There are 4 protein chains.
Amino acid sequence: MIEPRAAMPRRGRPRSERRRQAILEAAYALLCEHGLGGTSMDAVADRAGVSKATIYRWWSSKELLALETLYESWDAERDAASATGETTLEDELLALVLPWVRMVADSASTRILLGILTKAKDDPGFADAYRERFINPRRERSREVLRRAIERGDVAAGVDVEVATDLLWGPLYHRLLHGHARCDEQFARRSVALAITGIRVRAPGAPRRDGR
Amino acid sequence: MIEPRAAMPRRGRPRSERRRQAILEAAYALLCEHGLGGTSMDAVADRAGVSKATIYRWWSSKELLALETLYESWDAERDAASATGETTLEDELLALVLPWVRMVADSASTRILLGILTKAKDDPGFADAYRERFINPRRERSREVLRRAIERGDVAAGVDVEVATDLLWGPLYHRLLHGHARCDEQFARRSVALAITGIRVRAPGAPRRDGR
Amino acid sequence: MIEPRAAMPRRGRPRSERRRQAILEAAYALLCEHGLGGTSMDAVADRAGVSKATIYRWWSSKELLALETLYESWDAERDAASATGETTLEDELLALVLPWVRMVADSASTRILLGILTKAKDDPGFADAYRERFINPRRERSREVLRRAIERGDVAAGVDVEVATDLLWGPLYHRLLHGHARCDEQFARRSVALAITGIRVRAPGAPRRDGR
Amino acid sequence: MIEPRAAMPRRGRPRSERRRQAILEAAYALLCEHGLGGTSMDAVADRAGVSKATIYRWWSSKELLALETLYESWDAERDAASATGETTLEDELLALVLPWVRMVADSASTRILLGILTKAKDDPGFADAYRERFINPRRERSREVLRRAIERGDVAAGVDVEVATDLLWGPLYHRLLHGHARCDEQFARRSVALAITGIRVRAPGAPRRDGR
DNA sequence: GTGTAATCGAGACGGTACGTCGAGTCTTGTG
DNA sequence: CACAAGACTCGACGTACCGTCTCGATTACAC
């Protein structure tokens, strides 16, 4: 899916890896600074020192380029998050969430994300590609964590894993995309804690859950 | 803020309300169908039977037009949500959330929202205008509900109202914008319930809440 | 043709002569400075302190306004030229031509003239109006002078008065419109002298005029 | 001056000569029919089957395009006029003038010329370009003819060649631009004859013009 | 080494929309 | 009625960008 060319029969001049990098870097920088709409392919080509045709040979649209650009820049996070071995549910979820929060916090990639989301609304195929690469992996790991928690009995069997996953990621994306408040590590900790504990302390009229 | 002209000294030909309506309706229809990027001002002018200059006289950008378009179409929901008088926290929160969910569910306004969000990332002033009209009112009502719940003792005093508000709205916006699953009434009920109850049933090692 | 309204039945508020003057003066100034194409009716209205509708009430197009503007500014010349009583053909023709040359020399009205000429090519009615006011009066006086000269025997009976008239005015308009050289009093004198005398000194084969 | 690009290092896709021709032809047809003001670049692009950007890439303004359009269409005349070898002054001048008259008579290029003249009044650089291509070549040949005639003694040494040239071309342009009468071959013959002979046959009261 | 088949740079091109401007008309209220 | 203010239509403007195409000039593997 990433490679638009079959790699088997090596004939002719091979693709220049140097240029691939130059394009991705140029695109990333421009996209962060001006957003998808504010970045022109001509500008990318210029900054990368590359002809426009070379870009289009490998990425069939600006959005696809942005997608891969973002993907590359998020690579580091995936590795960082792979270190597991936590014991409590909260720590496990934080181990998933915190690396992502740190990453989005100090990159200007939100505007790229928004552009991609917009394109995804118009193009179902693109939407699938996006979710396959960016959303599902993280959701899948959330699901696993939750399933194990259910098996352990930490989480009630009736809890819908999908809904719980949205409860985990939703608040983070919300702040990131709407920008009404910072989406930082502190917020992530509080949000995860609240999602686990729940907003209500006790049922109305009933004695408090924690026995106080 | 909504009125770009001072209304005091009535001089010259007054603005045509008929055209204002025609523009907003045409824009809304086209925006729902093709999204912000896929809607041209020429098309809006055409469909509204109005000249392009007339649109630009009153809305300085396509995004501003989209903003007002969406605002008008969300008017009904604000009134529907005003019927309060619920007793439990869950019912109160659902009374806030369900009208919104019903509205976004059967309108194609998500793509408009996305366009607006994108513009908001590029233009802080626009972002403020957007949040002032769309986000803050709903958040404020969530805050009030939560504050009253804290006073009643239904919610622990230590709960951060802002975070709780994100826990309420975040999952809904998440599904709406990412489209990985439907954002319908059923999801809203489950999400709200889970946000209130919390994901975890019992503290690790403690006996299960349901006594099993 | 100049008055778009019948002046007979005096009803309602009378036309403001003060505004008529203001419009003509504003238009003339702007037309001289920026030409027909570079002058907008809004600008004229602004400078004249008058509403655009007031202009259109009295002049149905920009070109018609320009025409009258030019007409007014050429009024003085017509009076200056009326002083006749010359004896020689050359003096008579110069009496026609020189006032015109002096006028066009120190006004920037050439660009107005060009705009009018352009409009005249597109609109035969306008062309007639233009020629009726600007060209024919001068031509008619040229014709009279020439006819009298023919009667006196100063000019051969076979000379075509129309062609002679073009020979008189053509070189002047040529320089004025093409601007390859100055159209000033000196040129007018030489041009008229040459038109009268003719380019050739002697018929080919005949003995030279100076006897050499 | 005609070539806006250096032709030396052939890099990138070469300019399409087919399109250049299509544009010039489309422009010429539209300009003849509707004049400069009545011809839009969109219309030219449409008729030529070419994008508007392609036109602007090579001609920075409509007027410049009109200039080249007219230049191309007047090419044939320049060649036709090159056949010289006349003996009398009148024949020599007619050899210069008649091809031009025939050309302007059966083409509708007058309105293009007027548009160009108007632009020339606003833009001295454009004026130079126009005169360099259209006026000077013909004037220069007139000058040569006259200079030779002076050397031969057919024309008095005191005759100002510039003025004589205006006397030759002025009447023709006058009729062409003002349209008060046809500018045809017959007029050209009469005008040239009269310019050579002069309007006056004899001085008033004197027996013969050349006998004074 | 020499085809051969690809990549690459440069830049022309079609198409679509942009936001602006100007001519001329129309609609109010005021004098 | 004349007029001021200014909203409105229509149509063209010149620009910008996307994505395609057409050249010639490079590579690098395969023969």
Side-chain angles (χ1 to χ4, degrees), chain A residues 5 9-16 18-20 37-45 49-63, chain B residues 5 9-16 18-20 37-45 49-58 60-62, chain C residues 5 9-16 19 37-45 49-63 65, chain D residues 5 9-16 18-20 37-45 48-58 60-62:
Chain A
R5 290 286 187 283
R10 301 272 196 152
R11 292 259 282 168
R13 177 175 176 177
R15 174 177 187 183
S16 160
R18 184 171 63 79
R19 281 167 181 103
R20 200 189 88 98
T39 300
S40 75
M41 290 301 250
D42 290 81
V44 174
V50 141
S51 107
K52 218 169 27 155
T54 301
I55 305 181
Y56 279 104
R57 208 189 318 278
W58 303 106
W59 294 276
S60 54
S61 76
K62 187 164 65 162
E63 289 82 9
Chain B
R5 291 286 188 285
R10 300 272 191 161
R11 296 256 275 167
R13 176 175 174 175
R15 176 177 185 183
S16 161
R18 183 171 65 78
R19 275 155 184 117
R20 200 190 89 98
T39 299
S40 75
M41 290 300 246
D42 291 80
V44 173
V50 142
S51 102
K52 217 171 23 158
T54 299
I55 304 182
Y56 279 106
R57 205 193 316 278
W58 303 105
S60 55
S61 75
K62 192 162 62 167
Chain C
R5 292 284 187 286
R10 303 269 194 152
R11 291 252 287 163
R13 178 174 172 177
R15 176 175 186 185
S16 161
R19 282 171 181 100
T39 300
S40 74
M41 289 301 250
D42 290 82
V44 174
V50 141
S51 109
K52 218 170 25 155
T54 300
I55 304 181
Y56 280 104
R57 207 189 318 277
W58 305 106
W59 294 275
S60 55
S61 75
K62 188 164 66 162
E63 288 82 9
L65 173 59
Chain D
R5 292 285 188 283
R10 300 269 191 166
R11 296 257 274 167
R13 177 174 174 175
R15 177 178 185 181
S16 162
R18 182 171 65 78
R19 275 154 186 117
R20 201 189 87 99
T39 299
S40 74
M41 290 301 245
D42 290 82
V44 174
V50 142
S51 103
K52 217 170 22 158
T54 299
I55 304 182
Y56 280 106
R57 206 191 318 279
W58 302 106
S60 55
S61 74
K62 193 162 59 168

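Given the structure is predicted, the values throughout are model-derived calculations rather than measurements. By convention in this document, chain letters (A, B, ...) are assigned in the order of the sequence lines, proteins followed by strands, and residues within each chain are numbered from 1.
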F:dG6, OP1 or OP2 - any side-chain N/O from B:Trp58 closer than 4.0 Å? no
For B:Ser61 against B:Met41, the heavy-atom pair lying closest together: C-CE, 4.3 Å
Walking DNA chain F from its 5' end, the first of D:Ala43 and C:Thr54 to be reached, judged by nearest nucleotide, is C:Thr54
Going 5' to 3' through nucleotides 25-31 of chain E, assign each nucleotide B (protein heavy atom under 4.0 Å from a base atom), S (under 4.0 Å only from sugar-phosphate atoms) or - (no protein heavy atom that close). BBBB--B
Compare every heavy atom of B:Gly37 with every heavy atom of B:Lys62, then report the nearest pair and how far apart it is. NZ-O, 4.3 Å
D:Ile55 has an atom CD1; how far is it from atom C1' of F:dA12, in whole Å? 13 Å
From B:Ser51 OG over to B:Asp42 CG, what is the distance, rounded to the nearest 0.5 angstrom? 10.5 Å
Distance check: side-chain N/O of D:Arg57 vs OP1/OP2 of E:dC13, anything under 4.0 Å? yes
For B:Lys62 and for C:Asp42, locate the closest nucleotide of DNA chain E by heavy-atom distance; then report the residue assigned to the nucleotide nearer the 5' terminus. B:Lys62
May I ask you to say what C:Gly49 touches in the nucleic acid, namely base, sugar-phosphate or nothing, with a heavy-atom cut-off under 4.0 Å? sugar-phosphate
Ring-face cation of D:Arg20 near D:Trp58 (centre distance under 6.0 Å, axis angle within 45°): no
Rounded to the nearest 0.5 Å, what separates atom OG1 in A:Thr54 from atom NZ in A:Lys52? 11.5 Å
For B:Met41 and D:Val50, take the nucleotide of DNA chain E holding the closest heavy atom to each; which residue's nucleotide lies nearer the 5' end? D:Val50
Across the strands shown, which category fits D:Ser61 at heavy-atom distances under 4.0 angstrom: base, sugar-phosphate, nothing? nothing
Hey, is the side chain of C:Arg19 poking within less than 4.0 Å of OP1 or OP2 on F:dA4, counting only N and O atoms? yes
Is the charged tip of C:Arg15 near the ring of C:Trp59: under 6.0 Å from the six-membered ring centre and within 45° of its axis? yes
Of the nucleotides E:dC18, E:dG22, E:dC8, which one has an atom closest to the side chain of A:Arg15? E:dC8
